[in-house]
Amino acid sequence: MLNISDLYGKVEEKDILKGLSIDVKPGEVHAIMGPNGSGKSTLGNILSGRPGYEATAGSVTFKGQDLLEMGTEERAREGLFLAFQYPVEIPGVSNMEFLKAAVDAKRKHHAQSDLSSVDFLKLARETCKRVDLDASFLKRGVNEGFSGGEKKRNEIMQMMLLEPDLCILDETDSGLDIDALQIVANGVNAMRDGNRSFLVVTHYQRLLDYIIPDYVHVLAGGRIVKSGDKSLALELEAKGYGWLENEVA
Amino acid sequence: MTEQVESLIKKDYAAGFHSAIESETLPPGLDEDVVRFISAKKEEPEWLLEWRLKAFRAWQEMEEPTWAHVHYPEIDFQAVSFYSAPKSMDSKPQSLDEVDPELLATYAKLGIPLHEQEMLAGVAVDAVFDSVSVVTTFRAKLFEAGVIFCPISEAVHKYPELLKKYLGSVVPQKDNYYAALNSAVFSDGSFVYIPKGVRCPMELSTYFRINEMNTGQFERTLIVADEGSYVSYLEGCTAPMRDENQLHAAVVELVALDDAQIKYSTVQNWYPGNAEGKGGIYNFVTKRGIAHTNAKISWTQVETGSAVTWKYPSCILKGDNSVGEFYSVALTNNFQQADTGTKMIHLGKNTRSTIIAKGISAGRSNSSYRGLVRMNPGAEGARNFTQCDSLLIGDRCGAHTFPYIESKNPSAVIEHEATTSKVSDDQLFLCQQRGLDAEKAVSMIVNGFCREVFKELPMEFAVEAGKLLEVSLEGSVG
Amino acid sequence: MTDFQQSALQLANKQQAATWLQPLREQGAANWSAASWPGRKTEAWKYISLAPLQQQSNLRWGTDADDSAVDSVEQVELDATCLVFVNGRFNAARSSALPAGVVRFSDANAEQQPLIQQHLGKVVDSERHLFAALSNAWVEDGILVYVPRNKKLDKPLYILNVATPEAESAVASQRLLVVLEEGSEAEVIEHFASDAREQNGFVNSLTEVVIGANARLQHYRINLEEENLLHVGGVHVDLHRDARFHGFTLAQGSRLKRIDYQLNMRGEGAHMELNGVYLPRNKQVIDYHTNVEHCVPNCTSNEVFRGIIGDSAKAVFNGRIHIHPKAQKTLAELSNKNLLTSRTAEINTKPELEIYADDVRCAHGATISQLDETSLYYLQSRGISAADATTMLSFGFINELLNQVPEQAIQDYLRPRLSSLFGQASERVGHLTYE
């Protein structure tokens with residue numbers, strides 16, 4: 001699904017990723033943990049093609065294609081989805097308009113016909129329900145005036161609508177209370193189907209109680225310094241990140 | 001504003017004395033002969049006389065601008081004397097020892113000692129008295145660094161090529177009514193040239209003093225910073241207290257060649273007139289700089305004086321990546337009127353400009369910010385940020401904002417914000433409750449309001465500006 | 001006097017106005033003749049040229065001989081009293097029956113005439129507004145809306161002004177006077193439209209509004225004429241104690257389009273809100289001048305104007321707030337945001353503050369910028385193309401103000417029309433969003 005090999009990346013002339021490698025197979029859930037400033041968010045931004053984030057060396061293949069050669073929207077249409085840590089507010093552009101445009105764009109890319117307005121509206125309303133968002137959210141501006149939890153649920157709602165092959169969750173758990181966390185986790189778990197892969201980026205182990213990872217990687221200083229199964233997350237929770245940094249150093 | 005605040009308005013203008021100096025003063029009036037007289041007095045070459053006459057003829061065809069938010073009786077230019085110089089300067093003193101002691105005493109009284117050993121270390125001064133430069137200090141030291149700092153009347157003889165090349169290159173003779181007048185009759189002023197790659201070793205400064213009755217001052221300053229050089233320049237101005245209005249129409253031209261930086265600071269404290277609005281200087285000034293590639297021009301001004309101020313220090317951001325800045329505090333009290341601001345003309349790519357303007361109005365005065373930000377079609381990626389804040393003290397004054405914002409480039413970004421506020425009774429009460437008197441409290445609040453601008457001033461000036469503000473505000477509170 | 005001034009005056013002689021309107025007509029003619037013709041150095045006309053108007057020689061009045069143009073104009077679907085004008089002529093056949101309180105000047109009875117005389121031409125300062133002087137000189141007909149004390153106009157009043165080209169270019173003079181007595185309420189929509197043909201006319205429109213104590217007006221002014229129509233218009237409002245004015249205006253540009261809004265806060269506690277949108281394209285120009293006079297204490301005003309300027313179009317926005325010496329405790333705000341979408345487009349904006357009272361809170365802001373990069377990236381990260389994302393965000397910039405329009409029918413009318421302006425599938429925003 002996703003193969004990252006010896007990836008180097010920079011943001012505004014600052015080197016952040018320094019030789020990061022991960023291999024994610026279809027259906028796997030990989031958790032990436034790390035202290036603040038380790039490059040966790042940079043990874044998601046580089047993978048999704050955010051302007052200003054530049055891969056300087058290494059390679060990334062996504063479903064057998066060179067991901068870094070693709071434009072932002074092309075990556076999305078091919079099935080890469082990034083759930084943002086801080087989704088931007090776009091007043092004046094309604095959620096509904098936005099979601100329809102995104103779904104239409106993906107369907108067109110895969111040579112499928114547009115959904116009719118009626119069908120789409122039905123689908124969007126159902127999806128809202130699945131993440132416990134009131135359907136009136138569809139009429140409001142994208143993320144406009146949403147609470148932190150509503151923004152995160154809106155991200156998961158988009159993920160459900162767009163049915164990506166690879167979902168990257170960038171600290172989706174930050175700022176969520178336990179109820180919202182469960183809604184988000186249930187949404188993600190419902191999408192696990194044996195083929196879809198997940199890259200769950202988080203600072204805390206908490207989310208991994210609900211989304212059980214197949215692998216846990218520790219990111220520090222721009223590369224993976226330790227990998228293991230889900231027990232590694234618990235170990236990190238107990239010991240903090242300090243011991244690892246020392247061990248690596 | 002409370003009665004208490006109001007009743008404190010009274011003003012003490014410390015620089016308002018007159019010096020008993022025998023002067024040679026041209027009788028009032030303006031015609032071609034006056035222009036020729038001034039040129040002859042300065043023993044100017046033919047080209048400069050022609051240059052002046054061209055300006056004079058243009059001026060005669062021009063109309064006095066009326067768009068500014070200021071009101072004053074029509075100026076009778078035939079009642080103004082266009083040249084006045086201390087007689088003692090006729091003998092062309094070669095050193096400080098030969099300068100009339102009364103002149104030196106005048107400057108000493110203004111806090112500007114001209115003996116180098118007494119001066120603030122690191123500041124060179126050109127002292128301009130009515131129509132002539134009295135003395136320029138530290139010239140030898142500057143000369144070592146290759147820096148030219150001398151009266152413009154002297155530069156005409158010593159550096160004719162530089163003068164020919166740059167005089168009028170930023171502010172052409174016909175630029176506007178007062179610039180044309182200045183071009184015709186300018187008497188003296190400073191000339192600065194910083195050679196390539198040189199960082200001027202000291203602050204340069206010119207101190208302008210009007211002394212004679214019924215005399216206008218028309219100085220002209222030209223600063224050329226060659227490639228990669230840096231200079232910081234300060235100017236100060238004062239005049240005696242008189243019941244008649246006096247005219248001051250200056251022109252300042254700045255040329256910042258590639259990678260050069262010019263920082264130009266002004267503390268303008270011309271006589272503002274008395275509490276009834278009688279007397280004071282009409283200050284009609286054209287200041288403009290042109291910034292070439294990667295160059296930077298920064299204007300900082302603290303305007304507390306003059307009866308009427310009409311002044312818009314501007315930047316033409318011609319070169320790619322050039323930067324223009326304008327930091328201004330304009331304080332008006334009693335019957336003063338100030339219409340001041342800046343123009344930022346963005347021509348080059350990725351040019352940047354910042355405008356921070358603080359207007360403080362008290363008494364029956366009016367203070368206006370008038371500015372232009374223009375993005376020309378070539379100003380790809382250019383940026384401007386403008387913040388204009390007004391503070392009103394009392395309910396008989398006015399504070400106004402007239403920003404012209406024009407863009408012809410879709411990639412340029414302009415942000416303009418303006419707010420107005422007052423010194424609130426709550427703020428005053430808080431300060432008083434903590435034991436400060438009202439006047440001190442207002443002065444603190446006003447200083448805080450101006451802090452963003454004061455921090456741009458060279459240190460010695462920042463202190464002076466703060467004190468000046470305090471004096472100018474005296475009595476504005478009660 | 002210029003030729004245009006002269007020939008405009010002569011046009012007044014071809015009217016048959018009632019004698020009770022004569023004093024205003026004469027005063028208008030005097031102001032119009034005395035005015036010096038604006039040029040580039042005239043501050044109020046600094047950025048746009050009146051040349052397209054001056055090129056109109058041999059002025060003549062428009063007729064409604066061919067009113068079929070009305071059929072080709074889509075109307076706002078609204079349960080309203082609808083008054084239709086064609087080239088400045090009232091078209092009774094296509095209009096609703098006039099409800100009580102709404103009357104044509106030419107039909108005004110002995111009670112209504114003094115009311116019109118009392119207010120018409122009195123809200124506007126025709127010495128400062130050149131084309132208001134012309135409108136006064138041209139007063140022959142118009143609509144009076146009068147709502148008595150504590151009454152409410154039953155239905156919104158929808159005034160549709162349709163322009164259609166005539167063999168030779170013709171002139172229309174539109175006049176509306178709204179008088180709301182104490183505690184009354186009304187909603188008025190002025191819709192200026194044309195058929196799709198290339199227009200050749202000139203419309204001079206003037207609306208005067210008096211909002212009595214505690215009364216409330218919801219007002220709309222929509223200008224969607226074909227781009228060759230010349231239009232100079234003004235909305236002048238007096239607000240008395242605790243009065244409310246809620247305004248919305250939207251206009252496309254034309255060869256000459258100038259709209260003035262003048263709000264006079266005359267009674268304490270008055271409040272006004274005005275949102276505006278301008279969308280000039282091609283070689284169109286549009287010039288909005290707004291002026292809020294805070295004459296008395298304790299009033300509030302809030303203005304938001306946004307513009308998108310494309311192609312080789314030019315927009316001008318001048319928003320002045322004037323706080324008089326006695327107007328303490330005023331709160332006044334103005335925001336103007338602009339998007340330039342082409343290398344040959346031009347925007348000139350000037351938010352002005354003139355303040356003579358110290359205990360006030362006034363602020364204005366103006367920006368000229370691009371679409372937010374983070375928002376563009378967010379849309380792209382969901383698979384939406386850069387071009388579509390740009391379109392969506394541009395429309396969103398305007399849609400923010402549309403969303404605040406209280407009359408749903410107007411939102412529904414404008415949204416698909418505007419989204420198609422931005423090359424966006426109108427279906428997506430027209431029906432889906434607000435099904």
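Here is how names work: the chains are called A, B, and so on, in the same order as the sequence lines, proteins then strands, and each is numbered from 1. Because only heavy atoms are used, hydrogens play no part in the values below, and waters and symmetry mates are left out as well, while side chains stay in.
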C:I347 vs B:E406, side chain to side chain contact (heavy atoms under 4.5 Å, CB included): CA-CA, chis, key distance, verdict: CA-CA 6 Å; C:I347 168 71; B:E406 307 174 357; over 6 Å; no

Within 6.0 angstrom of C:K314 NZ, more than 12 heavy atoms from elsewhere: yes

Contact origin within B:P403 toward chain C - heavy atom pairs under 4.5 Å: both

Distance, nearest 0.5 Å, that separates CD of C:E346 from CG of B:N409: 12.0 Å

Top contributor to chain C contacts, counting heavy-atom pairs under 4.5 Å, from B:N384, B:V373, B:L391, B:T420: B:T420

Interatomic spacing from CG in C:N336 to CD1 in B:I405 - rounded to 0.5 Å: 8.0 Å

pair C:Y356-B:L392: side-chain heavy atoms closer than 4.5 Å: no

From C:D358 atom CG to B:R396 atom CZ, the distance as rounded to the nearest 0.5 Å: 11.0 Å

Derivation and outcome, side chain to side chain contact (heavy atoms under 4.5 Å, CB included), residues C:E352 and B:H400: CA-CA 7 Å; C:E352 293 179 69; B:H400 320 299; over 6 Å; no

Under-4.0 Å salt bridge between C:R343 and B:E380: yes

Portion of C:T349 that has a non-hydrogen atom of chain B nearer than 4.5 angstrom: both

Approximate separation, where rounding is to 0.5 Å, of B:F402 CZ and C:L353 CG: 9.0 Å

Heavy atoms from other residues, nucleotides or ligands near CD of B:Q60 exceed 12 (cutoff 6.0 Å): yes

Side chain / backbone / both / neither for B:N366 at chain C, heavy atoms under 4.5 Å: side chain

Kindly list each side-chain donor-acceptor pair under 3.5 angstrom involving residues 361-370 of chain C, sequence neighbours excluded, with atom names and distances?
{"residue": "C:H364", "atom": "NE2", "partner": "B:H416", "partner atom": "NE2", "Å": "2.8"}
{"residue": "C:Q370", "atom": "NE2", "partner": "B:P410", "partner atom": "O", "Å": "2.3"}
{"residue": "C:Q370", "atom": "NE2", "partner": "B:A412", "partner atom": "O", "Å": "3.1"}

C:E127, CD atom: more than 12 neighbouring heavy atoms under 6.0 Å: no

Pairwise distance OG1(B:T66) to NZ(C:K41) - rounded to 0.5 angstrom: 9.5 Å

Residues in residues 305-312 of chain C that sit under 4.5 Å from chain B, counting heavy atoms only: none

Criterion side chain to side chain contact (heavy atoms under 4.5 Å, CB included) on C:I355 and B:S390, from CA distance to verdict: CA-CA 9 Å; C:I355 300 176; B:S390 310; 5.9 Å; no

